[in-house]
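See structure below.
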Number of protein chains: 2
Amino acid sequence: MSQPGAALHLHLAAFAALSSADRKLLDAAVARKVRTIGPRKDIISEGERPRVVNVLLSGWAMRYKQLSDGRRQILSFFIPGDLCDANVFILGQMDHSIGTLTEVTYAEISATDFEHMMECSTRITKALWWSELVTLAVQREWTTNIGQRSAYERLANMFCELLARLHLVGLADGNSFDFPLTQNDLADATGMTAVHVNRTLQQLRRDGLIDLNNRHVTVTDPEGLKAAAQFNPNYLHLDGGVSN
Amino acid sequence: MSQPGAALHLHLAAFAALSSADRKLLDAAVARKVRTIGPRKDIISEGERPRVVNVLLSGWAMRYKQLSDGRRQILSFFIPGDLCDANVFILGQMDHSIGTLTEVTYAEISATDFEHMMECSTRITKALWWSELVTLAVQREWTTNIGQRSAYERLANMFCELLARLHLVGLADGNSFDFPLTQNDLADATGMTAVHVNRTLQQLRRDGLIDLNNRHVTVTDPEGLKAAAQFNPNYLHLDGGVSN
DNA sequence: CTGCGTCACTCACCTATGTTAAGAAATTGA
DNA sequence: TCAATTTCTTAACATAGGTGAGTGACGCAG
């Protein structure tokens, strides 16, 4: 990514074309405090008090919950441009953790900077609401995915979603993208076991839908994959919203 | 409920004490357009364009997604006081449906009224953000519930959550509450089959944790139920938030 | 008051997915 | 560059939960 804020621009641009003033505002907010952190570390843990809004600039991260007996549910993946919950600092404590999967750079936006940004631009305010609503919609889709779909459909869905989202921020090359997750991560994200993820992945490969190796995915049959997943991208709300 | 807006006041009061001016603002917004609709009807369907924010005043409703082959995932329950997504009208179309379970009365708040309300009161704006963030947190908990927990734990969780939420708006009497869901609804909400819900419910009864009949639930052993569910209410963020 | 639909409940049987274990391959780190 | 560790893969076996097909009890619409 040539410029730190680029992924964020692209992310929000899915909702509305931003003015150059908007872009400057975002860049300023995102330049104030940039951090780098290694793979498999927590950015913030359950129980802590959120004080800032984080924006992922590069790398992959995840939101997850850990149960007392060690079971882990991965709740969402963060890719560059993603915001971790506008206005979280309203809440007293985190009900889940945010951890990195790869090395990550992210920007912290303070509560006051965040509020300032919203005061300065109605368009940004709306774009942030949009982003929040999409986060919610994605969480619902995951609930549906885990609740109703078979292992095969679930994984197919996951790849469809990631391809669409990575495309948006310029991180997919055609139907390929870098994919730093282990099968274990995939298991915890889809509510299945690593063994069964492995079996199911083999099946997806045998069916010629995807190619996954060396931490890289190529969707070899995009239409087939979408069909297998019954993938309907409406929940990503990439149609530009209503108020444009 | 003596007064239409009462449940909404109680709902938001979990975050911040509202001033009487705030309460008046809310009451006015909620009085503008009140509708009544019978049980098992859609308030808005997937694909439609959301134009208003709905606030549930009485009865139970649900958010759900239907797959093309008929599978249905219930994504959340609405009880009185609940808002259906602040600012949804930003989105071009619904990615899920909202339907009633019982007869329901609800208020429609127009986009302009909604925005007006947020301009007039910072406290209300924050309370609405809080409500939105809690909705998200609940959705995450459901994802975790379905992804990681056994049938028994899942149902236990569901009852714990509902008891807590109904309490908040004055709709639980000690450890009892009216419960209009069928076992089929419960199945679609927890990602299991009705047969297995039935089996598991029997087990919860045999273990003396709950009593469910005649559309009425009594939690006979609250501590036992919480333990069985590994219930941690932190995700409901009933601690009053940070900015009070 | 009756006939039809819905709902709770059961049973017998089945299968998708989990469990445990172990070796091969890849990656990391000293 | 080799040892240690993590990840991928396979296999044999176990089980939670799904399927399909009922029965009886209500409740309500005609």
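The analysis underlying the following values was restricted to heavy atoms, covering all of them including side chains, and did not include hydrogens, waters or symmetry mates. Throughout, protein chains are lettered first and strands after them, A, B, ... in sequence-line order, and every chain is numbered starting at 1.
Backbone-only engagement by A:Ser150 is indicated by non-hydrogen atom pairs under 4.0 Å involving sugar-phosphate atoms exclusively. If you check every strand for non-hydrogen atoms under 4.0 Å, A:Asn214 touches sugar and phosphate atoms only. Within the nucleic acid shown, B:Arg205 comes within 4.0 Å of sugar-phosphate atoms alone, with no base atom in reach, counting heavy atoms only.
Regarding B:Asn213, its CG atom lies at a distance of 12 Å from the P atom of D:dC26, rounded to whole Å. In this structure, A:His196 places its NE2 atom 18 Å from P of D:dT15, rounding to the nearest Å. For the pair A:Asp185 CG and D:dT7 P, the interatomic distance rounds to 8 Å; values are reported in whole Å. Taking atom CG on B:Leu181 and atom C1' on C:dC7, their separation rounds to 13 Å, with Å as the unit. A straight line from CG of A:Leu186 to P of C:dG18 spans 13 Å, rounded to a whole angstrom. As a whole-Å value, the separation of B:Gln203 CD from D:dA16 C1' is 13 Å. Atoms CZ (B:Arg149) and P (C:dT17) sit 21 Å apart, rounded to a whole Å. To the nearest angstrom, C1' of D:dC8 lies 15 Å from CG of A:Asp211.
Taking only side-chain nitrogens and oxygens, B:Asn198 never comes nearer than 4.0 Å to OP1 or OP2 of C:dA8. Checking the phosphate oxygens (OP1, OP2) of C:dT10, a side-chain nitrogen or oxygen of B:Gln202 falls inside 4.0 Å. Not one side-chain nitrogen or oxygen of A:Arg215 sits closer than 4.0 Å to the OP1 or OP2 atom of D:dT6.
Using a 4.0 Å cut-off between a side-chain N of Lys or Arg and a carboxylate O of Asp or Glu, B:Arg72 and B:Asp185 qualify as a salt bridge. Under 4.0 Å is where a charged nitrogen must lie from a carboxylate oxygen, and between B:Arg63 and B:Asp82 no such pair does.
Across every non-hydrogen atom of A:Arg140 and B:Leu75, the tightest pair is O-CD2, 3.4 Å.
When each of A:Asn145, A:Thr144, A:Leu225 is tested with A:Asn157 by the rule side chain to side chain contact (heavy atoms under 4.5 Å, CB included), just one qualifies, namely A:Asn145.
In the set C:dC7, C:dG18, D:dT19, C:dG18 carries the atom at the smallest distance from any side-chain atom of A:Thr193. Counting only heavy atoms from C-beta on, A:Val195 has its side chain closest to C:dT19 among C:dA8, C:dA12, C:dT19.
No more than 12 heavy-atom neighbours from other residues, nucleotides or ligands sit within 6.0 angstrom of CZ on B:Arg32. Taking a 6.0 Å sphere around CG of B:Asn214, one finds it holds 12 or fewer heavy atoms contributed by other residues, nucleotides or ligands.
With rounding to the nearest 0.5 Å, the separation of CE in B:Met158 from CD1 in B:Ile74 is 8.5 Å.
From one end of the helix from C:dC1-D:dG30 to C:dA30-D:dT1 to the other, with five pairs defining each end axis, the axis direction shifts by 60° (rounded to 10°).
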